[in-house]
Novice: 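One structure is given below, represented as structure tokens, and several questions about it will come after.
Lettering follows sequence order; numbering is per chain, from 1.
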Number of protein chains: 2
Amino acid sequence: MTLTALFAAGEGDFAEYEAPLRAAFEACGLDVAVVTEAAPDQVDYIIYAPANPLQDFTPFTRCRAVLSLWAGVERIVGNPTLTQPLARMVDPSLTQGMVEYVTGHVLRYHLGLDRPATDWTPIVPPLAQDRRVGFLGLGELGRACAQALAQLGFQVAGWSRTPREVAGIACHHGDEGLRAVLERSDILVTLLPNTPATANILNADTLAMLPKGARIINPGRGSLVDDTALLAALDSGHIGGATLDVFRIEPLPPEHPYWAHPLVTVTPHIAAATRPETASQVIARNVARVEAGETLLHEVSRKAGY
Amino acid sequence: MTLTALFAAGEGDFAEYEAPLRAAFEACGLDVAVVTEAAPDQVDYIIYAPANPLQDFTPFTRCRAVLSLWAGVERIVGNPTLTQPLARMVDPSLTQGMVEYVTGHVLRYHLGLDRPATDWTPIVPPLAQDRRVGFLGLGELGRACAQALAQLGFQVAGWSRTPREVAGIACHHGDEGLRAVLERSDILVTLLPNTPATANILNADTLAMLPKGARIINPGRGSLVDDTALLAALDSGHIGGATLDVFRIEPLPPEHPYWAHPLVTVTPHIAAATRPETASQVIARNVARVEAGETLLHEVSRKAGY
């Protein structure tokens with residue numbers, strides 16, 4: 001029997017995903033018609049990204065799961081018409097890309113790569129063992145980045161809402177734990193999901209807990225940062241630099257002060273790009289699991305919001 | 001019995017090394033007078049760096065070893081008056097510093113950190129698994145850097161004069177092996193010692209073997225690079241960038257074209273700075289070995305020159 005998968009994502013995405021999805025389903029031994037239009041009651045799975053007009057999931061009565069192409073699901077998880085199980089994208093190449101981005105920008109700050117030498121004045125940076133990196137968020141992405149930096153010798157601590165244990169990382173949680181991580185972070189990386197509890201977690205109060213001159217890397221969510229407070233902390237000299245990949249409004253408007261600020265590095269939401277080949281394999285394997293009566297992997301908790 | 005260690009290094013070095021050396025000898029249970037002047041026939045060990053007037057080792061008849069503060073020994077190994085065993089500096093913090101420098105500059109090229117975004121045009125770099133890094137030199141430093149990059153997911157190959165095996169690294173040797181490594185290196189790191197066989201190993205012929213747009217990182221020795229050929233290859237567009245930490249003449253003269261070249265990043269010989277604390281521990285442990293009748297660690301082969 002042929003399954004029907006409705007591809008509902010951004011314009012142009014289908015051109016990139018059509019062939020990898022077909023190949024991935026075939027490799028899993030599944031007969032799946034991947035389509036961009038179908039009668040709702042004939043659809044078995046929805047492959048979804050928010051840049052799509054589909055907002056009412058009610059008519060998809062046969063749909064067994066909605067598979068997000070995005071790791072962040074805040075633009076779909078609160079949809080009251082969505083009663084089907086929802087899976088986040090956990091793409092190994094997305095994690096790998098994030099590890100490379102975070103490691104590269106941490107080393108950029110650590111080694112002072114923004115200020116190339118213009119004369120023969122040796123400025124020797126401290127060793128990684130004397131540099132403290134902190135993570136807010138110890139999910140899939142935070143853990144992988146924290147461990148890569150610990151492997152390179154950095155002193156790494158991390159904070160999460162609920163208690164976590166990660167080998168080689170000093171783990172903290174709760175309000176007191178947040179303060180403990182902020183107070184010791186020369187470089188802070190924010191990799192929390194976008195939930196009501198994490199909105200503006202970097203605000204005037206928490207920025208003030210960081211050591212003077214601390215640098216911030218935010219490849220997580222734009223909502224984590226109170227932009228006005230961050231700009232003020234940069235201008236006062238308390239924060240030494242910020243590298244931002246995600247923003248409340250994307251594309252970041254050309255007139256936004258982040259673009260021109262000498263201490264801010266903007267990257268255009270590239271830290272964890274989903275690669276069609278690997279993402280298609282993740283989706284096909286998850287469909288195969290459900291068809292075999294197994295549980296959906298990476299299912300989103302409606303209560304937690306991620 | 002008190003041993004006498006003559007400290008013969010650069011002016012000002014003694015202020016940095018005196019306390020760490022005394023502490024390290026004491027920690028090894030050795031009674032050592034560390035001095036900057038002594039009757040030659042009373043000296044048991046010489047702690048040496050080339051920036052010192054001592055050139056005639058003949059009168060040091062009791063000296064049991066010369067311990068270099070530098071990893072590179074080309075300015076002492078050919079000294080015909082040196083008949084005492086000579087040890088290179090193999091400082092774990094020097095290796096660690098080199099790993100951080102090489103990893104940081106490889107990621108800088110890999111992620112395109114020299115060209116920060118000025119608008120919202122997403123340029124997604126390839127993953128490390130699709131980037132080929134090559135090493136010329138698989139000694140202590142080359143191996144450590146190659147393995148750190150392999151750990152991050154890069155495709156790493158290496159070349160050495162004599163055959164070597166390094167876990168996770170495609171190892172090559174000899175003339176054919178040199179071509180094989182050059183032809184597949186998007187980013188090339190040179191970490192060879194300075195010997196007659198390695199002089200100008202990067203010349204017009206070998207630079208032409210690299211893929212178009214390849215980037216070069218040389219934290220090894222200035223003598224490895226034919227500077228005129230490198231500048232020509234940068235100007236022709238064949239080589240896409242060079243990060244150079246070591247030079248034939250240091251400090252690099254202000255008028256040298258490397259300083260102003262838009263594709264060249266100069267760092268002032270900082271890739272592997274010796275840290276007095278850890279270097280002193282290495283020296284004290286080596287002296288303790290010799291006093292206990294054991295072999296000297298990291299002894300230099302006069303024939304190979306390193």
Novice: Given a strict heavy-atom distance threshold of 4.5 Å, which part of B:Tyr109 is in contact with chain A: side chain, backbone, both, or neither?
Specialist: neither
Novice: If only side-chain N and O atoms count, and only distance matters, is there a donor-acceptor pair under 3.5 Å linking A:Asp227 with A:Tyr258?
Specialist: yes
Novice: Hey, which of A:Pro116, A:Ala273, A:Ala128, A:Pro254 has the most heavy atom pairs under 4.5 Å with chain B?
Specialist: A:Ala128
Novice: Please flag which part of A:Pro251 lies under 4.5 Å from any non-hydrogen atom of chain B: side chain, backbone, both or neither.
Specialist: both
Novice: With distance as the sole criterion, is a donor-acceptor pair present between the side chains of B:Glu100 and B:Gln96 under 3.5 Å?
Specialist: yes
Novice: Under 3.5 Å, is there a donor-acceptor pair linking the side chains of A:Thr190 and A:Arg221?
Specialist: no
Novice: Among A:Ser93, A:Ala260, A:Ala148, which has the most heavy-atom pairs under 4.5 Å with chain B?
Specialist: A:Ser93
Novice: Under 3.5 Å, is there a donor on one side chain and an acceptor on the other for B:Arg88 and B:His298?
Specialist: no
Novice: Around atom CD of B:Glu165, are there more than 12 heavy atoms from other residues, nucleotides or ligands closer than 6.0 Å?
Specialist: no
Novice: Please look at A:Leu111 and chain B and tell me whether the side chain, the backbone, both or neither of the residue comes under 4.5 angstrom of a heavy atom of that chain.
Specialist: side chain
Novice: Could you check which of A:Thr267, A:Val266, A:Thr265, A:Asp119 has the highest count of heavy-atom pairs closer than 4.5 Å to chain B?
Specialist: A:Asp119
Novice: Using a cut-off of under 4.5 Å for heavy-atom pairs, which of A:Leu252, A:Val99, A:Asp114 has the most such pairs with chain B?
Specialist: A:Leu252
Novice: Less than 4.5 Å to any heavy atom of chain A: does that hold for the side chain of B:Thr118, its backbone, both, or neither?
Specialist: backbone
Novice: Please determine, among A:Ala117, A:Pro126, A:Gly153, A:Ala271, the option with the most heavy-atom pairs under 4.5 Å with chain B.
Specialist: A:Ala117
Novice: In terms of heavy-atom proximity below 4.5 Å to chain A, should B:Leu113 be classed as side chain, backbone, both, or neither?
Specialist: side chain
Novice: Count the heavy atoms of every other residue, nucleotide or ligand shown that sit under 6.0 Å from CG of B:Leu297, and state whether that count exceeds 12.
Specialist: yes
Novice: Would you please classify the geometry between the A:Phe7 ring and the A:Tyr17 ring as parallel, tilted or perpendicular, with 30° and 60° separating the classes?
Specialist: tilted
